[in-house]
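Notes follow once the structure below has been shown.
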Amino acid sequence: MLDRLAHSLRTVHPDRPAVLGRGRTGATRVRIRRGELAELADRYAAALHARGLGGGATLGVAVRPGPRALAVLLAAHRLGLRTAVLDPTAGPDVLAARLALARPDLVLADAAAQAVAGWAGPLARRADLALPRLAALGPVATLGRRLPGCAPRLAAARTPAPAPRTAGPDTDAVIVFTSGTTARPRAVVHTRDGLAAGLRTVTELVDPQPGSVVLGGTFFVLVPALAAGAAVALPARSPRALAGQLARLAPAQTYLTPPALRAALGAGARFHGRVWTGSAPADAALLRRVKQAGADQAWGVYALTELFPAAAVEEAEKSAHTGPGDLVGAPLPGVRTGLTPEGELLLAGPGARHRYLGDEPDPWVRTGDRATLGPDGRIVLAGRLKDMVLRRAENIYPGLYEPALHLPDVELAVLVGVPAPDAPGDERLVALVQPRPGADPRRLRAALRGPLDRMGGARPDAVLFGAVPLAGRSRKPDRAAAAAHCARELAG
């Protein structure tokens, strides 16, 4: 897919926009054209080659999503490099441990990432961004504009870009860090073949069309869309600006995380074509709201860092599911499923990760999700194994019951366990419900009576209204923070 993209950028309408952004006035501006993106990738490939990076070397990338980041990935692919994706929100200690594990031969960082690690540290910490001083961990080069205190720029070599290196399909392509600790970071390794399989699955699922506009900023959105001849618009950050962007562009395909969708809907956004969401739980009520706001279809995508994507379901099918648990759809072509004796969902397929860095290869991905498999193969999640609540010697899995709480006036809802004050080792089950803006609390509490009654023995001991804490890049519900909040509210 990356080889196809590199060829397509040069030969198929190189003068057309590739990546669109948003100007200060809100107007759409062209960040880079297709031919320009190909030339930028060539320059980066020549510069990296001039620094002695060749097949098998590891390149760390701490660059914000956009044309430069994509051009670097294309250059790394051309040279047969292994790319380690570095997340500035992980915290300095965690990131230092990850760098020690990946041991990159060079780290490319934009000025913003380096500022976070240096003179802008106090300001960045207010935005939950933190990096160690990168130069103390190995060679660093600045990508793009250089600010005072940054490493020297990655100099554009005057020599032509080297010919593409023929790398085997089973060679490492990318390292993506996921859960883990500073003592034992956990890193997912995808091979070139596995990465290509995941990108093909996305292409077949989404089917971007030449000349159309796709809104989304992730690698798995950018590459298939650009390879098909579509332009990609990077989503605006603020909900109001995002709503205006959707109105101006009317994208045929939109990919946003559930928190971004909720924020956009709150700002009055209207949607068009097909809308895709994932990276965090997306209930049927949210998908219905997206269609009510104009989308032709609204899809939830079940994906993991280890296997992207694994399953998908459209709103109509998800809303028709009346049983317990969260229906995430049938496995996508090539994806195989299994269950452990404890009910944990196992996944395998051509797009699955090859291994965790430092471990032996394993064809099966342990998802950490408890699930059931229907006779038609559809996957129904029953919650995270580690999220189990133990109440009066009964195991309660929140994921089985949380979908029932997502009524039209509910923005988000989670079930968490808090220590029972009169029974050491036991827990109380608490529902934390975040109402939609403008919802009447009395009417909502009355509407919740039916779903709560149907929970039977899993009915919560208490129902609290308030904001559900979020965490991480994908802004998933932070259950530990939610449990701590509920414990304080109940104690008060």
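For this chain, numbers begin at 1 and follow the sequence in order. Since this is a predicted model, take the numbers as computed values, not measurements.
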Exercise. Does the salt bridge (Lys or Arg N to Asp or Glu O under 4.0 Å) test come out yes or no for R186 and E306, once each step is laid out?
Worked result: CA-CA 11 Å; R186 197 164 176 80; E306 293 86 346; 5.2 Å; no
When rounded to the nearest 0.5 angstrom, what distance separates [atom1] in [X] from [atom2] in [Y]?
X	Y	atom1	atom2	value
Q434	R262	CD	CZ	7.5 Å
E315	E317	CD	CD	10.5 Å
R366	L347	CZ	CG	12.0 Å
L286	L261	CG	CG	5.5 Å
R443	L407	CZ	CG	12.0 Å
L246	R270	CG	CZ	11.0 Å

Heavy-atom distance under 4.5 Å between the side chains of [X] and [Y], does that happen here?
X	Y	value
D478	L470	no
V61	L143	no
T254	V290	no
F465	L448	yes
L429	Y401	no
D283	P403	no
V63	V72	no
L199	P224	yes

Exercise. With V414, which of V430, L432, D387 fulfils side-chain contact (heavy atoms from CB on, under 4.5 Å)?
Worked result: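 Of the listed residues V430, L432, D387, the side-chain contact (heavy atoms from CB on, under 4.5 Å) partner of V414 is L432.
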For this session: List the steps and the verdict of side chain to side chain contact (heavy atoms under 4.5 Å, CB included) for W276 and L205.
Result: CA-CA 11 Å; W276 308 83; L205 176 66; 3.7 Å; yes
Please report the shortest heavy-atom distance between [X] and [Y], naming the atom on each side.
X	Y	result
A303	P309	CB-CA, 4.0 Å
A483	G417	CB-O, 3.6 Å
L222	G217	CD1-O, 3.8 Å
T28	R248	OG1-NE, 4.3 Å
R384	T367	NH1-O, 2.7 Å
R436	V410	CG-C, 3.8 Å

For this session: Say whether R475 and T257, considering side chains only, have a donor N or O and an acceptor N or O under 3.5 Å apart.
Result: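 Short answer, no.
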Electrostatic pair [X]-[Y], nearest N-O below 4.0 angstrom:
X	Y	value
K318	D326	yes
E314	R274	no
R355	D362	no

[X] side chain to [Y] backbone, donor-acceptor under 3.5 Å:
X	Y	result
H190	A173	no
Q253	Q209	no
R378	T372	no
R98	T178	yes
H485	V468	no
T277	L256	yes
E402	L415	yes

For this session: Show the numbers, then the answer: is there a side chain to side chain contact (heavy atoms under 4.5 Å, CB included) between V176 and F308?
Result: CA-CA 12 Å; V176 184; F308 188 103; over 6 Å; no
Seminar exercise, completed: For R64, the salt bridge (Lys or Arg N to Asp or Glu O under 4.0 Å) test, sequence neighbours excluded, returns D110
Seminar exercise, completed: Residues at least two apart in sequence or cross-chain that pass salt bridge (Lys or Arg N to Asp or Glu O under 4.0 Å) with E204, listed by chain then number, are none
Problem set entry | Over 12 non-hydrogen atoms of neighbours within 6.0 angstrom of CZ in R145 |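 Counting other residues, nucleotides and ligands, CZ of R145 stays at 12 neighbours or fewer.
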Exercise. What do you reckon, is NZ of K291 surrounded by more than 12 foreign heavy atoms closer than 6.0 Å?
Worked result: yes
For this session: Check the pair V188, Y356 against side chain to side chain contact (heavy atoms under 4.5 Å, CB included), reporting the backbone distance first and the verdict last.
Result: CA-CA 5 Å; V188 173; Y356 294 104; 3.7 Å; yes
Exercise. When you look at R459 and D453, which way does the side chain to side chain contact (heavy atoms under 4.5 Å, CB included) test go after all the steps?
Worked result: CA-CA 7 Å; R459 183 187 176 100; D453 287 342; 2.4 Å; yes
